[in-house]
Amino acid sequence: MAGSDFKVADLSLAPLGRRRIEMAEREMPGLMSLRSKYGSSKPLSGHRVSGSLHMTTETAVLIETLVELGADVRWASCNIFSTQDDAAAAVASKGVPVFAWKGETAEEYWWCTRRALTFPGGVGPDLIVDDGGDATLMIHLGWEMEEAFAKTGSIPAASAGSKDEAALDANLREAVPSSPSFWHSVAGGVIGVSEETTTGVHRLYQRESAGRLLFPAYNVNDSVTKSKFDNTYGCRESLPDGIKRATDVMVAGKTVLVCGYGEVGKGCCQSMRAFGARVLVTEIDPICALQAVMEGYEVTTVEDALLEANIFVTATGNRDVITAAHMAAMKDQAIVCNIGHFDNEIQMDALEALPGIVRQNIKPQVDRYVFPDGHCVYILAEGRLVNLGCATGHPSFVMSNSFTNQCMALMALLEERPAIGVYRLPKKLDEEVARLHLGQLGVKLTRLTPEQASYIGVDAEGPYKPDHYRY
Ligand code: NAD
Ligand code: ADE
């Protein structure tokens, strides 16, 4: 349903979305306390914020916090399947331009991202909230295409890439000849971006070290209260939610292979074990492999697990972790899913292209692929992140930690006005985010005496750990 300046699936879902948002607010004490603290001073007043982050109920609470802090906000989702249509409708019905619905095509996805980045009068945002780096990517690739066009009068041929990359290239290519400086003016106006996730942060550091980063960035992912909580405890709850809503499968007694034993993989393994599964792990990093084996998981390779595992979960942030050849050799009825940010962890295009393969849709975001030998595998959310494609992502409480960091990063960008580079929030703010979430859980924190503080060499008010401490 398109309004004058929004596009969502169905605006009549707004009352349901609003009730869910009200429930979530009670579970998001960090964001609500920012509203109380900054609601009158409005530190984001006069600033245009574009978001590219899963348009869920929790994100609705973030958006409405940013509005309460004074921002002019526009939003798109960062995945074609992750929007909760009721939440999107509720936010749009309050007048925030939202461009997001569950089940976008790749072309629609980039159209939505561009609309979220274009404020009235054709100006761009001065602050960006990104999750996975797609808003940042669109601006940078648009800028690079304009540079090439200005030098040569033509746009270089697209290099072969994924369907999503091809759709982005087509979106940019169409508009550059008629507005050849749009992305330059957008990039020039950005004070900074705050990035939510591991994969988006990798992209930022890669751009920074190549000297191709156009504006400063805060790495929110590596706040302790983000990656050690959202990535681990969030996925611990939302991975089984996604698998079960999609398949209703009994996890107990099954063998589950989790690829990647980083922050996300650790949470996935814990929940699969808690359900009663035998858990196998793959890793490339000897430290993470050693951690996994110390926890009692068997560390093996995908190849060696093919004839044992019933459920495969990728959590690496890497590409081609489960190949089409792997799926051809899996047990009958294996379930294959990904919880990493991008779908390239599983070779979906190569699977579709296998001679004789037949795709049978079971229900939205659940497909059975039948191989010529008669065995089949179930693919969840077309290989996109299963917790947001087949369920509603992490619970509100953990997202409150992540999103309080996001708000603090935007405020830090305004206060510090840092040079181009990638920054992390200071530990004191990280501790503050945690502190804001203790009361609701009835935590009684021990206070240091002055003697104790001086004995361990910290300020009684924190920070309590050196930056190299790993938690
Ligand atoms: P991480 O870097 O902590 O962990 C990834 C692990 O995968 C590392 O230990 C790495 O050694 C391992 N790895 C890399 N290539 C591998 C391969 N080929 N085979 C086996 N292991 C391999 O990252 P993370 O924070 O756990 O994030 C993982 C992914 O999940 C990222 O894409 C991140 O953006 C995403 N993420 C998703 C959600 C969600 O809600 N779905 C939440 C947080 C993060
Ligand atoms: N990432 C993981 N879970 C999420 C949620 N519920 N909302 C937004 N982003 C998320």
Side-chain angles (χ1 to χ4, degrees), residues 20-21 24 27-28 51-63 75 77-79 81-84 87 100 129-134 195-203 219-222 226-239 241-242 257-269 280-292 299-303 305 312-323 326 337-346 381 384-403 406:
R20 290 191 166 145
I21 290 168
E27 282 283 287
M28 302 188 83
S52 164
L53 193 153
H54 308 294
M55 186 51 253
T56 63
T57 305
E58 290 68 35
T59 301
V61 182
L62 168 63
I63 292 171
W75 215 266
S77 194
C78 63
N79 187 275
F81 289 139
S82 63
T83 295
Q84 283 171 247
V129 177
D130 220 352
D131 183 347
D134 277 352
E195 170 55 54
E196 171 86 354
T197 199
T198 317
T199 288
V201 162
H202 280 156
R203 283 175 158 189
N219 163 0
V220 163
N221 183 67
D222 288 298
K226 199 285 181 179
S227 51
K228 295 275 170 184
F229 290 81
D230 169 319
N231 303 25
T232 302
Y233 304 127
C235 290
R236 186 169 73 179
E237 302 207 14
S238 60
L239 171 74
D241 193 9
L257 177 74
V258 176
C259 301
Y261 194 70
E263 304 297 356
V264 170
K266 288 177 172 74
C268 296
C269 288
L280 313 178
V281 166
T282 69
E283 250 303 336
I284 48 129
D285 178 334
I287 297 176
C288 298
L290 191 60
Q291 283 182 310
V299 182
T300 182
T301 60
V302 177
E303 290 72 20
F312 294 81
V313 181
T314 55
T316 68
N318 207 342
R319 55 179 293 178
D320 305 318
V321 174
I322 293 188
T323 64
H326 288 148
C337 62
N338 164 51
I339 195 166
H341 190 79
F342 286 119
D343 57 337
N344 56 354
E345 302 211 19
I346 302 172
R384 303 190 189 243
L385 19 71
V386 62
N387 58 338
L388 284 138
C390 295
T392 51
H394 301 343
S396 308
F397 188 82
V398 86
M399 293 313 298
S400 178
N401 288 268
S402 309
F403 289 165
Q406 283 284 4

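Counting convention: from 1, in listed order, for ligands and their atoms alike. We're numbering straight along the sequence, starting at 1. Worth saying up front: this structure is predicted, and the values here are computed from it rather than measured.
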Note, T56 side chain near M399 side chain (heavy atom, < 4.5 Å):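 No, side chains not in contact.
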Any side-chain heavy-atom pair of V302 and C259 under 4.5 Å: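 V302 vs C259: side chains touch.
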Part of E58 within contact of ligand 2 (heavy atoms, under 4.0 Å):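 The answer is the side chain of E58.
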With no hydrogens and no angle check, is any side-chain donor or acceptor of [X] less than 3.5 Å from a backbone partner on [Y]?
X: H202; Y: T199; answer: no
X: E195; Y: T197; answer: yes
X: S396; Y: M28; answer: no

At less than 4.0 angstrom from any non-hydrogen atom of [X], what atoms of ligand 1 do you find?
X: D285; answer: 11 (O)
X: G317; answer: 29 (C), 31 (C), 32 (O)
X: H394; answer: 40 (O), 42 (C)
X: D230; answer: 42 (C), 43 (C)
X: E263; answer: 3 (O), 25 (O), 26 (O)
X: I339; answer: 30 (O), 37 (C), 38 (C), 39 (C), 41 (N)
X: T282; answer: 20 (C), 21 (N)
X: L385; answer: 41 (N)

How far is [atom] from the closest protein heavy atom, and which atom is that?
atom: atom 26 (O) of ligand 1; answer: V264 N, 2.8 Å
atom: atom 5 (C) of ligand 2; answer: T56 OG1, 3.6 Å
atom: atom 3 (N) of ligand 2; answer: H394 N, 2.8 Å

Given [options], which one has a non-hydrogen atom that is nearest to [atom]?
atom: atom 1 (P) of ligand 1; options: C259, G262, A292; value: G262
atom: atom 27 (O) of ligand 1; options: T316, N387, T198, N318; value: T198
atom: atom 19 (N) of ligand 1; options: N338, T314, I284, V302; value: I284
atom: atom 9 (O) of ligand 1; options: E283, R203, H202, K266; value: E283
atom: atom 28 (C) of ligand 1; options: G340, A289, A315, G389; value: A315
atom: atom 4 (C) of ligand 2; options: M399, H54, E196; value: M399

Enumerate the atoms of ligand 2 whose separation from the nearest heavy atom of [X] is less than 4.0 angstrom.
X: G393; answer: 3 (N), 6 (N)
X: L388; answer: 1 (N), 2 (C), 4 (C)
X: T59; answer: 7 (N), 8 (C)

Approximate separation, where rounding is to 0.5 Å, of K228 NZ and D222 CG: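 Between atom NZ of K228 and atom CG of D222 there are 9.5 Å.
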Min heavy-atom dist T392 to ligand 2 below 4.0 Å: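 For ligand 2, residue contact (heavy atoms, under 4.0 Å) with T392 is present.
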Does the N or O separation between [X] and ligand 1 drop below 3.5 Å for any pair?
X: H341; answer: yes
X: N221; answer: no
X: N231; answer: yes

Among T316, D343, N387, T314, side chain to side chain donor-acceptor pair (under 3.5 Å) partner for N338: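 The passing option is T314.
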Option from N221, N219, N401 for which side chain to side chain donor-acceptor pair (under 3.5 Å) with K226 holds: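 Only match with K226 under side chain to side chain donor-acceptor pair (under 3.5 Å): N221.
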OH/Y233: more than 12 non-hydrogen atoms of other groups inside 6.0 Å: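 Open.
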side-chain hydrogen bond (donor to acceptor under 3.5 Å, both in side chains) contacts touching residues 280-289 (sequence neighbours left out):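 Found none.
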